[in-house]
A.B. asks: 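Here it is, the structure, as C-alpha cells.
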Amino acid sequence: MAEPSIGTLKVPGATLRYEVRGAGPVLLLIAGGGGDAGIFEPVAGALADRFTVVTYDPRGHSRSPLDGPDVDQRVEVQADDAYRLLVRVAPDGAPAYVFGTSSGAIVAVELLTRHPERLARVVAHEPVLVSLLPDAAEQHAFFASVVATFHRSGVAAAMADMGAGCGEGRGEAPDFSRLSPGVLSALQRAQGNAGFFLGRILRPFSGHVPSLAQLDLHAGKLVPAAGWGSYGLRLYRPAAALAGRYGVELAEFPGGHVGVVTHPGQFALRVGELLS
C-alpha cells in the first residue's frame, strides 16, 4: 500500500492534519466519534485505485489541535472545515464524493446542505440525527444522560452507558484481532479523544437539526446508509428515517456502527458500489 501524502490546513480556530492517496475524483472520508484519519487506512487504500482519497483528523482530535482551550463543537464549523479541505485538495472546483460515519455523517449531511455545488454524492452512514425521529425528546434525554455520566463518573462509565443504550451488546462482539497496526494505533488515539468527544461533541452533534428545506432540494445526492448489524437499534433509526423521507432504499453496509473498522474490505467494496 502506497504511503499517503500528508498535509496540514490552517482553519479558523484549529489546524487540520490530512492525508491524500490515489488518483481520480476526490473522495473525502469523515470519521465519527473520537476517530481520526487512521480508522480509514484499509478502506482508503482499497479505494485509491479509483479515487483521490482524502482523510483527516477532525478539529480537536489526535493530530488536529485547537488553537485555544477545548470548547463545545458545532456541526456548522466542522462542515466548513470539510469544505475548506475540499477547496485545498480540489481547487478546480470539481464535485467531490463524501462518505461520513456516525457524527462524521452529520458533518457530511450539513456539508451537502451548505455546499451542494461542490458535491457529487454523499453517503451518510448511521448519522446520529435523532432530531428527525418522532421520539426525539427521548433520544436527546438519553444522550444528555450519557454526558452527565461522563462528567460525574468519567469516560469508561459514560461509554458503557452509551454502548448499552445503543444496543452494542446485541449479537457477536466485534472482532478486533486482525486489525492492522495503523488501525490499532487509530483506536488508541480514539480512546484518547473520548473525553473530548463526550464532553464537547456528543450533545451538540446529536442535538443538531439540519436544514430539511435545503436537504430536500438536493436529496438526490444523498445516500442514507446503515450497517446490517445495527438493524432496529438507536443509531440505525435516523438513517432509516432519511431513507423513508426521500423514498429511497436504505443502503446496507457490512457490520454494525463501526463496520468501517471491523469489515474494512467489504466496507470499501460497498462504498465503491454506491459511488460508481
Side-chain angles (χ1 to χ4, degrees), residues 27-35 39-40 42-43 47 75 97-113 119 121-136 138-140 142-143 146 162-175 197 201-202 205-210 212 215-216 218-276:
L27 168 58
L28 178 66
L29 305 179
I30 308 177
I39 71 163
F40 291 118
V43 172
L47 293 169
V75 174
Y97 297 97
V98 175
F99 171 89
T101 184
S102 191
S103 56
I106 298 175
V107 176
V109 169
E110 185 68 13
L111 182 62
L112 178 58
T113 67
L119 305 180
R121 186 169 292 176
V122 172
V123 179
H125 178 263
E126 301 196 13
V128 194
L129 289 168
V130 294
S131 294
L132 302 178
L133 301 177
D135 57 349
E138 177 183 334
Q139 305 303 319
H140 294 317
F142 166 72
F143 287 112
V146 171
M162 186 158 65
C166 293
E168 287 185 0
R170 188 181 76 178
E172 296 182 6
D175 181 8
F197 169 71
I201 293 176
L202 180 57
F205 273 53
S206 62
H208 179 68
V209 182
L212 292 177
L215 197 57
D216 290 349
H218 306 287
K221 296 183 177 183
L222 178 66
V223 181
W228 57 259
S230 299
Y231 182 81
L233 297 177
R234 189 186 302 271
L235 301 182
Y236 178 97
R237 293 178 58 210
L242 282 171
R245 180 181 181 89
Y246 298 120
V248 298
E249 185 177 352
L250 182 65
E252 188 173 87
F253 273 81
H257 194 64
V258 293
V260 69
V261 173
T262 59
H263 297 70
Q266 296 169 278
F267 212 94
L269 285 174
R270 188 62 174 134
V271 172
E273 290 172 357
L274 292 172
L275 301 184
S276 62

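When reading the values below, keep in mind they use all heavy atoms of this one structure, side chains included, and skip hydrogens, waters and symmetry mates. Source: prediction; values computed, not measured.
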A.B. asks: Using 0.5 Å steps for rounding, measure from the CZ atom of Phe253 to the CG atom of Leu269.
C.D. replies: 10.5 Å
A.B. asks: Can you find a heavy atom in the side chain of Pro224 that is under 4.5 Å from one in the side chain of Val248?
C.D. replies: yes
A.B. asks: Assess the residue pair Val109 and Leu215 against the criterion (side-chain contact (heavy atoms from CB on, under 4.5 Å)); give the C-alpha distance rounded to whole Å, side-chain angles, the decisive distance to 0.1 Å, and a yes or no.
C.D. replies: CA-CA 8 Å; Val109 169; Leu215 197 57; 4.0 Å; yes
A.B. asks: Would Phe267 and Val261 satisfy side-chain contact (heavy atoms from CB on, under 4.5 Å), going step by step from the backbone distance to the final call?
C.D. replies: CA-CA 9 Å; Phe267 212 94; Val261 173; over 6 Å; no
A.B. asks: Should Asp135 and Arg237 count as an ion pair when the cut-off is N to O under 4.0 Å?
C.D. replies: yes
A.B. asks: Could you go through Val98 and Val123, starting from their C-alpha distance and side-chain angles, then the distance that decides it, and tell me whether this counts as side-chain contact (heavy atoms from CB on, under 4.5 Å)?
C.D. replies: CA-CA 6 Å; Val98 175; Val123 179; over 6 Å; no
A.B. asks: Once salt bridge (Lys or Arg N to Asp or Glu O under 4.0 Å) is applied, do any residues pair with Glu273, and if so which ones, sequence neighbours excluded?
C.D. replies: Arg270
A.B. asks: Looking at CD1 of Ile30 and CG of Leu28, how far apart are the two atoms once the value is rounded to the nearest 0.5 Å?
C.D. replies: 4.5 Å
A.B. asks: Under a 3.5 Å distance rule, please check whether Glu252 uses its side chain to pair with a backbone N or O of Gly227 as donor and acceptor.
C.D. replies: no
A.B. asks: Can you label the angle between the Phe99 ring and the Phe40 ring as parallel, tilted or perpendicular, going by 30° and 60°?
C.D. replies: perpendicular
A.B. asks: Between Lys221 (side chain) and Leu112 (backbone), is there a donor-acceptor pair under 3.5 Å?
C.D. replies: no
A.B. asks: Side chains of Gln139 and Val128: closer than 4.5 Å at any heavy-atom pair?
C.D. replies: no
A.B. asks: Answer yes or no: is there a donor N or O on one side and an acceptor on the other, between the side chain of Ser103 and the main chain of Gly33, under 3.5 Å?
C.D. replies: yes
A.B. asks: Identify the two heavy atoms, one from Pro210 and one from Glu110, that lie closest to each other, and give their separation to 0.1 Å.
C.D. replies: CA-OE1, 4.2 Å
A.B. asks: Can you measure from CZ (Arg121) to CG (Leu27) and round to the nearest 0.5 angstrom?
C.D. replies: 12.0 Å
A.B. asks: Using the benzene-type ring in the case of Trp, are the ring centres of His125 and Tyr236 under 6.0 Å apart?
C.D. replies: no
A.B. asks: Taking atom CZ of Phe142 and atom CD of Glu138, what is their separation to the nearest 0.5 Å?
C.D. replies: 10.0 Å
A.B. asks: Please report the closest heavy-atom contact between Ser131 and Ser206, naming both atoms and the distance.
C.D. replies: OG-O, 4.1 Å
A.B. asks: Roughly how far, to the nearest 0.5 Å, is OG1 of Thr101 from CG of Leu29?
C.D. replies: 10.5 Å
